[in-house]
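Convention: sequence-line order gives letters A, B, ...; per-chain numbering from 1. Every heavy atom of this structure was used, including side-chain atoms; hydrogens, water molecules and symmetry mates were not. Note that the coordinates shown come from a computational prediction; the quantities given were computed from them, not determined experimentally.
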Amino acid sequence: MPDSPTEHTPPNAPHRHFIEQIIDADNAALKWGVNDEGVPKVHTRFPPEPNGYLHIGHAKSICLNSGLARQFHGAFNLRFDDTNPAKEEQEYVDAIIEDVRWLTDDHAGFRFGGVFWASDYFETMFSYAVELVKKGKAYVCDLSAEEVAKRRGSIGVTATSPFRDRPAEESLKLLHEMRRGDHPNGSRTLRARIDLSSPNFVLRDPVMYRILHESHHNTGTSWCIYPMYDWAHGIEDSLEGITHSICTLEFRNNRPLYDWFIDSINEGRGPGSPWGPRIHHPQQIEFARLNLTYTVMSKRFLLALVKEGRVTGWDDPRMPTIRGLRRRGYTAGAIRTFCEDIGVTTQESMIDVGRLENALRDDLNKSAPRAMCVLRPLKVVIENWPAGKVDMLDFVVNPEDPGAGTRKVPFTGTLYIEREDFAENPPKKFFRLCPGQEVRLRWAYFITCTGVVKDAAGHVTEVRATYDPATRGGDAPHGPDGKPTRKVKGTLHWISADHAANGTVRLFERLFREAEPGKKTGNQLDDLNPGSLETISALIDPALTTARPGDTFQFERLGYFCVDSDSRPGALIFNRAVTLKDTWAKQE
RNA sequence: UGGGGUAUGGUGUAACGGUAGCACGAGUGACUCUGACUCACUUAGUCUAGGUUCAAAUCCUAGUACCCCAGCCA
């Protein structure tokens with residue numbers, strides 16, 4: 001039997017968040033029984049509505065739910081809450097399945113129940129609705145949407161409906177007519193008979209079914225009434241045997257309704273009951289959704305960005321969508337680590353987007369092969385380099401991963417370095433290249449700047465330097481005491497002019513200029529960063545010409561880059577996922 | 001105005017009547033063939049006011065701030 005977290009808590013065990021604690025207690029009491037492995041049962045789900053693309057906020061929920069299933073040796077379902085055909089599309093369904101599979105590491109570590117559909121349960125839901133009507137717990141109401149709103153009441157004012165006391169027989173007849181398609185959109189609803197004067201408005205006789213003559217992506221035209229979220233959701237959970245139905249904080253008020261529907265179905269049920277056996281009653285638990293600085297996560301807004309062409313699509317690397325992050329170069333592991341890192345509570349919070357970026361840096365630092373790339377080239381001519389000589393030097397693929405080995409990189413007398421790595425009049429503590437100063441070219445040689453060439457306007461167009469043959473490989477010669485004879489503080493990346501490949505590099509900044517977009521003006525668009533994308537032509541390490549879309553590298557000293565899906569052999573495109581930390585830039 | 005929630009360093013999160021801790025950030029330093037990584041040190045907090053108690057972040061009372069709810073959305 002797999003080890004159970006409830007068996008013994010080791011000393012100094014990492015903190016367990018409130019949902020884990022609930023599950024610990026449930027398991028200790030065997031509240032949900034055991035699964036077929038004999039392990040206390042834990043079954044979670046992620047229930048998106050297929051009306052948009054998944055974003056980093058959804059990732060928190062996906063990681064929480066799938067992570068719990070993994071941790072407790074339970075199961076995890078992906079379930080589409082497709083109860084509103086007016087808003088839902090197959091395009092979103094396909095994208096969501098792909099994103100969830102990618103993010104959950106293709107379901108490793110937990111039993112993946114599969115892909116489920118609320119629409120598969122429509123028939124069962126309807127039969128339960130009939131049951132509630134018969135039990136006097138639901139009725140057909142002929143009020144229009146406007147009238148219901150008008151009669152909704154207010155704080156301290158009771159709602160009303162003239163149809164509340166309609167006989168069950170009559171409601172039943174009308175309900176079947178509604179299903180058959182006898183009534184137009186909006187003409188009637190099925191409502192739960194709960195409490196028209198409840199201070200919790202959710203309980204003021206909520207609508208269970210509305211009439212929608214609309215084609216559904218799964219059920220086609222076989223239905224023209226569709227269940228509302230509150231009515232449908234608990235039944236979906238119940239039918240799938242979900243134990244812990246985890247949702248976000250704004251559903252707190254809905255929890256009494258979630259429970260009411262299941263309790264009402266169960267009323268009078270049991271052994272020997274004509275209604276049948278009792279149905280499973282999962283526990284709804286709410287947690288705080290993710291808020292990220294410099295990020296907008298509303299589906300409506302993201303859709304607008306796409307439709308108005310402010311980004312190139314749902315997978316634009318600047319988008320907070322799962323596929324946007326993925327295209328940018330984010331790994332599933334980094335996103336999972338981030339989601340674990342930020343914790344699970346009932347307090348609303350605002351997470352610094354820098355933490356997401358840090359999670360990526362941590363992940364890629366260990367795994368990404370290094371390469372050199374010059375974004376803004378400045379020519380360097382080595383005056384004492386033998387004409388025509390090409391020196392093949394050893395380049396360490398990843399210093400963090402000795403197993404990655406080395407590869408060869410060509411060095412010649414004409415090179416390019418980063419323009420910002422040279423200063424004619426250096427500021428204090430500038431230990432890059434400047435007149436008279438010696439620096440190291442990474443894995444190559446020490447060079448010393450001997451002068452510059454300028455154009456008519458006085459701009460530096462070329463740097464002259466000499467190299468020290470004794471520093472081949474980038475090490476200073478060692479003295480008789482075994483210590484290096486001299487130290488250089490600066491190490492620069494470089495590319496041989498004759499060997500450089502050309503490529504396109506896309507540099508991104510945050511999509512928004514303000515930590516909380518729209519906070520000042522009320523319009524998030526006002527804070528859109530017009531300079532969030534910079535596309536430049538760069539000189540690329542010749543070894544990267546065979547790189548394929550999705551491959552990720554660290555360009556030394558510049559950041560982590562991912563080969564874009566638009567990239568082609570001979571027309572390389574790299575996205576910068578995130579920069580390296582740069583304490584020098586901060587000083588300036 | 002009714003109901004439901006939440007308040008701990010800059011940010012996030014622990015402490016479940018008994019030493020306010022951890023992570024991230026920030027600062028300083030060490031190390032370094034990436035001004036990266038790594039390591040060390042420093043920084044800074046219990047919303048307010050009362051009360052109970054030997055002892056309160058925790059319990060009580062009264063405030064304050066913020067979030068959610070009057071869709072035939074989810």
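Relative to the side chain of A:Thr583, the nucleotides B:rA36, B:rG3, B:rG71 differ in distance, and B:rA36 lies closest. Taking every side-chain heavy atom of A:Gln347 into account, B:rU8 is the closest of B:rU34, B:rU8, B:rC68. Taking only side-chain atoms of A:Arg355, from C-beta outward, the nucleotide of B:rU11, B:rA15, B:rC69 with the closest atom is B:rU11. For A:Ile155, taking side-chain heavy atoms from C-beta onward, the closest of the listed nucleotides B:rU1, B:rA14, B:rU34 is B:rU1.
The aromatic rings of A:Tyr229 and A:Phe251 are tilted relative to each other, their planes meeting at an angle between 30° and 60°. Below 30°, between 30° and 60°, or above 60°: for A:Phe80 and A:Trp117 the angle between ring planes is below 30°, a parallel geometry.
Taking a pair as Watson-Crick or G-U with both hydrogen-bonding distances under 3.5 Å, the stems of three or more pairs touching RNA chain B are B:2-7 with B:64-69, B:10-13 with B:21-24, B:25-30 with B:38-43, B:47-51 with B:59-63.
Among the protein residues, A:Gly156 comes within range of no part of the nucleic acid, since none of its heavy atoms lies under 4.0 Å from any strand. In this structure, A:Phe251 reaches the bases: a heavy-atom distance under 4.0 Å links it to at least one base atom across the strands shown.
In this structure, A:Lys520 pairs ionically with A:Glu514, as a charged nitrogen and a carboxylate oxygen lie closer than 4.0 Å.
Residue A:Ser154 places none of its side-chain N or O atoms closer than 4.0 Å to OP1 or OP2 of B:rA70. The phosphate of B:rA36 (OP1 or OP2) has no side-chain N or O of A:Arg442 nearer than 4.0 angstrom. For B:rA74, neither phosphate oxygen OP1 nor OP2 lies less than 4.0 angstrom from any side-chain nitrogen or oxygen of A:Asn51. Contact check, A:Thr83 against B:rA74: a side-chain N or O comes under 4.0 Å of OP1 or OP2. Note on A:Lys581: a side-chain N or O is less than 4.0 Å away from OP1 or OP2 of B:rG25.
Cation-pi check for A:Arg179 over A:Phe126 is met; the charged atom lies under 6.0 angstrom from the ring centroid and within 45 degrees of its normal.
Between the side chain of A:Arg255 and the base of B:rG4 there is no donor-acceptor pair of N/O atoms closer than 3.5 Å.
Contact of the A:Val296 side chain with the A:Pro320 side chain is not registered, since no non-hydrogen atoms from C-beta on lie closer than 4.5 Å.
Applying the side chain to side chain donor-acceptor pair (under 3.5 Å) rule to pairs touching residues 341-352 of chain A yields A:Asp341-A:Arg355, sequence neighbours excluded.
For A:Tyr226 against A:Leu212, the heavy-atom pair with the smallest separation is CE1-O, 3.3 Å.
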